[in-house]
Number of protein chains: 2
Amino acid sequence: MKVAKQNADKKLTLIDVAIAAGVSAITVSRVINQPEKVSESLRQQVQKAIDLLGYIPNQYASSLASSKSNVIGVAIPSLSNTVFTDVLRGIYDVMGTTGYKVLLVDTHYSPLEEEKMIRTLLSQTPEALIITGGDQTRTCQNLIQKSRVPVVQIMELLNEPLDMNVGFSHWQAGYDVVKHLLDEGYSRIGFIGARMDPRVQQRMQGFKKALEDADKFHKNFIMTTPEPSSISVGGELFKSLLASTNGTVDAVFCANDDLALGALFESQRMNINVPNDLALCGFNDIEASRFVNPSLTSVQVGRYEMGVKAAEMVIARLNGNTDDAKVVDMGYQIKKRQSTSHE
Amino acid sequence: MKVAKQNADKKLTLIDVAIAAGVSAITVSRVINQPEKVSESLRQQVQKAIDLLGYIPNQYASSLASSKSNVIGVAIPSLSNTVFTDVLRGIYDVMGTTGYKVLLVDTHYSPLEEEKMIRTLLSQTPEALIITGGDQTRTCQNLIQKSRVPVVQIMELLNEPLDMNVGFSHWQAGYDVVKHLLDEGYSRIGFIGARMDPRVQQRMQGFKKALEDADKFHKNFIMTTPEPSSISVGGELFKSLLASTNGTVDAVFCANDDLALGALFESQRMNINVPNDLALCGFNDIEASRFVNPSLTSVQVGRYEMGVKAAEMVIARLNGNTDDAKVVDMGYQIKKRQSTSHE
DNA sequence: AACGCAAATGATTGCGCTATCATTTATCTT
DNA sequence: AAGATAAATGATAGCGCAATCATTTGCGTT
């Protein structure tokens with residue numbers, strides 16, 4: 001095997017490997033992409049050259065020539081929210097076992113930023129997109145449909161998905177939480193919510209409808225803020241809600257567990273007994289909810305599983321399985337714990 | 001402006017836009033990449049064609065022709081750990097304002113997987129890499145250096161960085177935590193740690209040295225597990241530590257805040273008073289530590305800022321500022337709270 | 001041993017774009 | 001107003017690879 005003297009500054013190409021291995025360029029390409037088409041002996045000879053030179057194929061040239069990018073574009077609204085990073089982990093774990101790469105963008109909960117980011121994703125000619133929710137701009141949705149790229153919209157169930165859809169009904173979950181609280185004997189039920197993204201809005205609407213159905217809805221029992229959600233904000237909203245209800249609220253549905261923890265820690269400081277004086281229910285069922293004292297009732301959602309499912313749907317589609325379900329309801333489960341159960 | 005009848009199945013290229021706008025392909029390219037080089041009138045004319053057709057440039061062709069990918073490769077060990085997603089957010093927030101795209105991979109704390117993933121990243125001819133820590137395989141480090149791509153290693157300070165380095169001394173932080181606990185009058189100090197990645201190991205070594213210096217080190221006061229860290233595991237490790245020390249431990253340095261919360265919640269259930277019977281100190285200073293009751297002493301680290309800094313260093317380098325600092329110590333701060341302070 | 005067929009390998013071309021250099025048009029100088 | 005310079009636009013070639021088709025080699029059959 002002759003090793004061409006390699007200018008250290010010049011990047012290695014297929015040709016360099018081909019020369020080193022004494023074969024044609026296309027044979028090297030085959031060794032990399034379709035090794036079964038190359039005889040055992042040649043394959044080893046070429047592989048040796050690849051390893052020796054430390055050759056790494058140029059993905060751009062490959063993608064351009066084959067019009068296959070092996071890229072899956074993913075758009076999520078936030079990187080600091082465990083809800084999305086859990087889903088992401090599911091996506092990465094599935095994609096990692098295939099040849100696909102994940103190109104991730106953070107839309108910061110803004111449809112306009114999302115549109116910009118999805119342009120970026122589309123310029124990579126992705127094999128598929130996984131995007132969050134359904135509140136893309138019209139332009140953005142047009143771009144996606146025009147590109148004819150398979151899309152999965154995740155996190156929530158949509159009335160008119162662009163293509164595939166994995167999620168659950170936030171509205172129904174909100175409704176069910178209130179039913180649970182009513183069942184437990186609470187009747188002056190409040191809601192605190194932050195960020196107020198579409199999914200939080202839906203939970204709130206479900207909350208509202210359930211109380212209206214029970215004839216127990218009061219406008220001043222809702223306290224929200226456009227600020228990002230956090231434990232700190234949960235404490236603040238809780239105090240505001242107490243003020244707004246003159247301390248008469250006896251249960252609070254918190255739009256997520258961070259808010260619920262904030263409310264819980266704050267009530268501890270105020271010597272309000274949870275659950276005897278006040279019930280608290282969160283959403284998402286993060287780990288802390290299960291272990292905090294009292295343990296927090298919350299709505300468990302298979303986030304990781306949702307990511308896995310979305311990734312699997314994408315892969316199935318890319319493998320040509322066009323008859324698989326296009327919409328998957330992941331459901332949810334209310335985890336009833338100490339914080340909503342009178343002693 | 002004549003619009004060529006566009007076969008809906010065929011993807012749009014520069015040429016299509018050029019024909020539609022009645023100009024040459026290169027002019028369209030300029031409108032996109034160097035608009036200042038095109039006259040105002042022509043620029044508008046071309047932009048109109050771009051918008052009308054919904055043209056999105058093919059990034060692969062562009063990168064191949066220009067040998068500029070505008071991709072920054074990022075490798076982190078875990079997506080489920082807020083420590084890394086906070087850093088990531090810093091990276092994304094900076095990169096989002098530039099033209100760079102972030103290609104993210106998850107190494108699952110495995111150097112072998114990391115090597116594989118970094119091959120993937122390198123095949124995208126990234127402009128730079130941001131990778132975690134210094135325990136890459138030798139092969140992996142060779143690949144990186146051979147590629148001559150700027151690299152920032154983040155999260156910890158390294159003895160021999162490959163190139164740039166942003167982090168802080170986990171060893172020193174561990175040492176300082178013990179000093180704080182000793183200062184507060186605790187003397188039978190234990191350690192619990194999970195996952196035991198290099199950084200946790202360093203904190204533990206700092207812990208050990210500080211106790212040895214004070215002549216107070218006992219082997220059975222360390223309790224670790226290779227399992228991933230969690231609140232649940234924190235509770236378990238804490239119980240094990242109590243058993244191992246016959247309940248004589250009076251302070252626990254927890255390798256991170258999840259473990260500390262687990263230990264705290266468990267001690268609440270066991271009616272152990274924190275901080276009077278037992279001090280607890282965490283690491284990372286996540287939001288819950290500040291709000292839980294009693295509030296948890298922890299080591300605050302500028303994670304988001306570390307991501308921002310790493311991204312800025314990359315950008316500075318890519319802009320040709322070669323004389324900037326290659327190593328940045330982000331430092332840390334021990335946040336002294338209720339959990340380590342006798343009443 | 002001659003033939004046919006399959007498997008293995010190679011030569012050519014083009015993916016869509018931008019670098020480079022060439023050409024044309026506008027603007028300035030004295 | 002002629003020449004010089006700058007600004008705007010275009011023509012050509014090639015980035016590194018894989019699709020396609022062509023050629024060679026190996027192997028079994030009778």
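Here is how names work: the chains are called A, B, and so on, in the same order as the sequence lines, proteins then strands, and each is numbered from 1.
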Taking CG from A:Leu122 and C1' from C:dG16, how many angstroms apart are they, rounded to a whole number?
17 Å
Do you know which of A:Leu88, A:Asp93, A:Leu104 makes side chain to side chain contact (heavy atoms under 4.5 Å, CB included) with B:Leu79?
A:Leu88
Return yes if some donor-acceptor pair links the side-chain N/O of A:Gln153 with the main-chain N/O of A:Leu162 below 3.5 Å, else return no.
yes
Fit a plane to each ring of B:Tyr109 and B:Phe84, take the angle between them on a 0 to 90° scale, and name the class: parallel (under 30°), tilted (30 to 60°) or perpendicular (over 60°).
perpendicular
Can you give one letter per nucleotide of nucleotides 7-14 of chain D, 5' to 3': B if a protein heavy atom sits under 4.0 Å from the base, S if only from the sugar-phosphate, - if neither?
-SBBB--B
Are OP1 or OP2 of D:dC17 and a side-chain N or O of A:Tyr55 less than 4.0 angstrom apart?
yes
How close or far is atom P of C:dT12 from atom CD1 of A:Ile15, stated in whole angstroms?
12 Å
Can you check the A:Lys68 NZ to D:dG16 P distance for me, whole Å?
22 Å
Short side-chain N/O contact to C:dT18 OP1/OP2 from B:Ser62, under 4.0 Å:
yes
Quick one: does any side-chain atom of B:Glu127 pair with a main-chain N or O of B:Asn70 as donor and acceptor, under 3.5 Å?
yes
Whole-Å distance, B:Gln34 CD to C:dC17 C1', equals 13 Å
Kindly say whether B:Glu115 contributes a backbone atom to a donor-acceptor pair with the side chain of B:Thr137 at under 3.5 angstrom?
no
Would you say A:Asn58 places a side-chain N or O within less than 4.0 Å of OP1 or OP2 belonging to D:dC15?
no
Considering only heavy side-chain atoms of A:Leu14, the closest of D:dG16, D:dC17, C:dT18 is D:dC17
What integer distance in Å separates A:Ile19:CD1 from C:dA11:P?
12 Å
Is there a donor-acceptor pair under 3.5 Å between the side chain of B:Asp86 and the backbone N or O of A:Ser80?
no
What integer distance in Å separates A:Leu64:CG from D:dC17:P?
12 Å
Under 3.5 Å, side chain of A:Ser62 to main-chain N/O of A:Asn58, donor-acceptor pair present?
no
Nearest-Å distance, CD (A:Gln59) to C1' (C:dC15)?
14 Å
